[in-house]
Amino acid sequence: LAEGLRGQYSIETDAAYGIADRAGGSPLIAHHLAEIFITRQGSMDSNSGASLGSGSWGSGSWGSGGAETTLALTPALTNLLAQSIDGKLRFSPHRALLRQIIEVTAVLGAAVEYNLLVAVAEVDVPSDQIEPLLVALVQLGILVSEGPPDQERFLLSPPLLRDYYLESMNPERLARLHGRAVALRP
C-alpha cells in the first residue's frame, strides 16, 4: 500500500508508510489521507521538508522536525469511518456495548493494556460481557489484539478511528472516561 501511495502521489517513503499505518491498511482511507497530506504539504513552505516520519497524527500534526501540518478529519473521511463502523456493528444485538468499548479504547490511547481497558469499561459494561465483546470487536476487525496473554494490548483499526471517536464523543462522556483512566493508572 505504501509503495503504491509513493508512486501515485509522489510522496517520500516515510510519509507513505506513515499514511499506510494510520489508515490501518485500508486503501480507501489511505488515499483520503494521502490527498490531505499532499494538499497540506503543497501549502507549506517548500523549504520546510514536511514528512510523516515520527510526527503525531489526528487531533495533532503531521510532520517531524520543525515542519508540522494540522490534520483535521475531513467530512468525507468522517463519513467513511462512520459508515465503516456502522456497517460492521449493524447486525450485532450488542451495538451499544460494543461502541462503549470502542470509546474507552479511543480515550485510553493508541495501544491499550487489557487490564486498564477492562477496569475503565466495567463501569458502563457488565464485567462478564467485556471479554466476549472484545473478542467480537477483534473478529469484526475494529480492534487488533497484540502481545502475549499476560501483556495483551488492544489497538483500534484503522488507528484513525481513535481520532474519529475522540472528535465525535460527547464532551461530558469524554471527560468522565478520562477521569476514570487517570484514577486507575498506577
Side-chain angles (χ1 to χ4, degrees), residues 1 17-30 32-33 54-60 71-186:
L1 181 62
Y17 279 93
I19 289 168
D21 286 345
R22 194 69 183 142
S26 167
L28 188 56
I29 293 173
H32 277 280
L33 291 174
S54 60
S56 64
W57 284 68
S59 306
L71 168 66
L73 291 176
T74 64
L77 198 48
T78 299
N79 288 338
L80 180 64
L81 291 168
Q83 290 173 4
S84 173
I85 292 298
D86 289 345
K88 290 177 179 182
L89 300 181
R90 178 178 308 135
F91 299 111
S92 173
H94 307 292
R95 278 187 306 277
L97 294 174
L98 291 166
R99 285 186 192 278
Q100 289 178 347
I101 298 283
I102 296 168
E103 288 176 352
V104 168
T105 307
V107 168
L108 294 176
V112 182
E113 180 186 305
Y114 172 82
N115 291 331
L116 180 61
L117 178 58
V118 170
V120 174
E122 67 185 359
V123 173
D124 296 323
V125 179
S127 59
D128 64 332
Q129 291 186 22
I130 293 175
E131 184 70 28
L133 292 170
L134 287 171
V135 169
L137 288 168
V138 169
Q139 290 173 342
L140 290 168
I142 296 170
L143 288 181
V144 174
S145 171
E146 67 176 29
D150 62 332
Q151 298 174 0
E152 189 173 23
R153 298 178 324 155
F154 292 91
L155 300 84
L156 287 167
S157 180
L160 197 56
L161 275 179
R162 180 169 187 255
D163 303 321
Y164 167 72
Y165 272 91
L166 291 176
E167 288 183 16
S168 63
M169 199 179 310
N170 174 303
E172 291 170 4
R173 175 152 171 77
L174 182 61
R176 207 170 35 251
L177 290 174
H178 272 290
R180 275 189 228 153
V182 169
L184 291 169
R185 288 201 187 246

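By convention here, the first residue in the shown sequence is residue 1. Computed from heavy atoms alone, side chains included, the values below leave out hydrogens, waters and symmetry copies.
For the pair Leu1 and Ala30, the tightest heavy-atom approach, listed with the atom from each and the gap, is CD2-CB, 3.8 Å. Residues Leu98 and Ala136 come closest through the heavy atom pair CD2-CB, 4.2 Å. In this structure, Ala23 and Pro159 approach most closely via the heavy-atom pair C-CD, 4.4 Å. Contact record, Met169 with Leu177: SD-CD1, 3.9 Å, taken as the closest heavy-atom pair. Scanning all heavy atoms of the two residues, the minimum distance from Pro132 to Asp128 falls at CD-O, 3.6 Å. Across Arg162 and Val107, no two heavy atoms sit closer than the pair NH2-O, 4.0 Å.
In this structure, the side chains of Leu89 and Ile102 come closer than 4.5 Å at one or more pairs of heavy atoms. Put simply, the side chain of Val138 does not reach to within 4.5 Å of the side chain of Leu134, judged on heavy atoms. Contact annotation: the side chain of Thr78 approaches that of Tyr164 to within less than 4.5 Å [non-hydrogen atoms, C-beta and beyond]. Here the side chains of Glu113 and Leu117 are not in contact, with every heavy-atom distance at 4.5 Å or above. Within the 4.5 Å cutoff, side-chain heavy atoms of Leu81 are placed close to those of Pro158. The side-chain heavy atoms of Ile101 and Phe154, taken from C-beta on, include no pair separated by under 4.5 Å. Considering only heavy atoms from C-beta on, Gln100 stays 4.5 Å or farther from Val104 through its side chain. Contact of the Ile85 side chain with the Tyr165 side chain is registered, since non-hydrogen atoms from C-beta on lie closer than 4.5 Å.
Atoms CG and OG, from Leu174 and Ser168 in turn, are 10.0 Å apart once rounded to the nearest 0.5 Å. Interatomic distance, CG of Leu140 versus CZ of Phe91, reported as 12.0 Å (0.5 Å rounding). The CG atom of Leu155 sits 9.0 Å away from the OG atom of Ser145 when rounded to the nearest 0.5 Å. Rounding to the nearest 0.5 angstrom, the gap separating the CD atom in Glu103 from the CG atom in Asn170 is 9.0 Å. With rounding to the nearest 0.5 angstrom, the CG atom of Asn115 is 13.5 Å from the CZ atom of Arg153. Atom CG of Leu137 is separated from atom CD of Gln139 by 9.5 Å, given to the nearest 0.5 angstrom.
Between Arg180 and Asp124 a salt bridge is recorded (basic side-chain N to carboxylate O distance below 4.0 Å).
Surrounding CD of Glu172 are at most 12 heavy atoms belonging to other residues, nucleotides or ligands under 6.0 Å away.
Checking side-chain atoms of Arg95 against main-chain N and O of Ser92 turns up a donor-acceptor pair under 3.5 Å.
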Exercise for the section: Start with the C-alpha gap between Glu146 and Glu152, add the side-chain angles, then the distance that decides, and say whether side-chain contact (heavy atoms from CB on, under 4.5 Å) holds. Expected result: CA-CA 6 Å; Glu146 67 176 29; Glu152 189 173 23; over 6 Å; no
Problem - Intermediate values then yes/no, side-chain contact (heavy atoms from CB on, under 4.5 Å), Asp163 and Leu160 - result: CA-CA 5 Å; Asp163 303 321; Leu160 197 56; 3.2 Å; yes
Problem - Working for side-chain contact (heavy atoms from CB on, under 4.5 Å), residues His32 and Leu80 - result: CA-CA 10 Å; His32 277 280; Leu80 180 64; 3.8 Å; yes
Problem - Leu77 and Leu33: CA distance, side-chain angles, deciding distance, side-chain contact (heavy atoms from CB on, under 4.5 Å) verdict - result: CA-CA 8 Å; Leu77 198 48; Leu33 291 174; 3.7 Å; yes
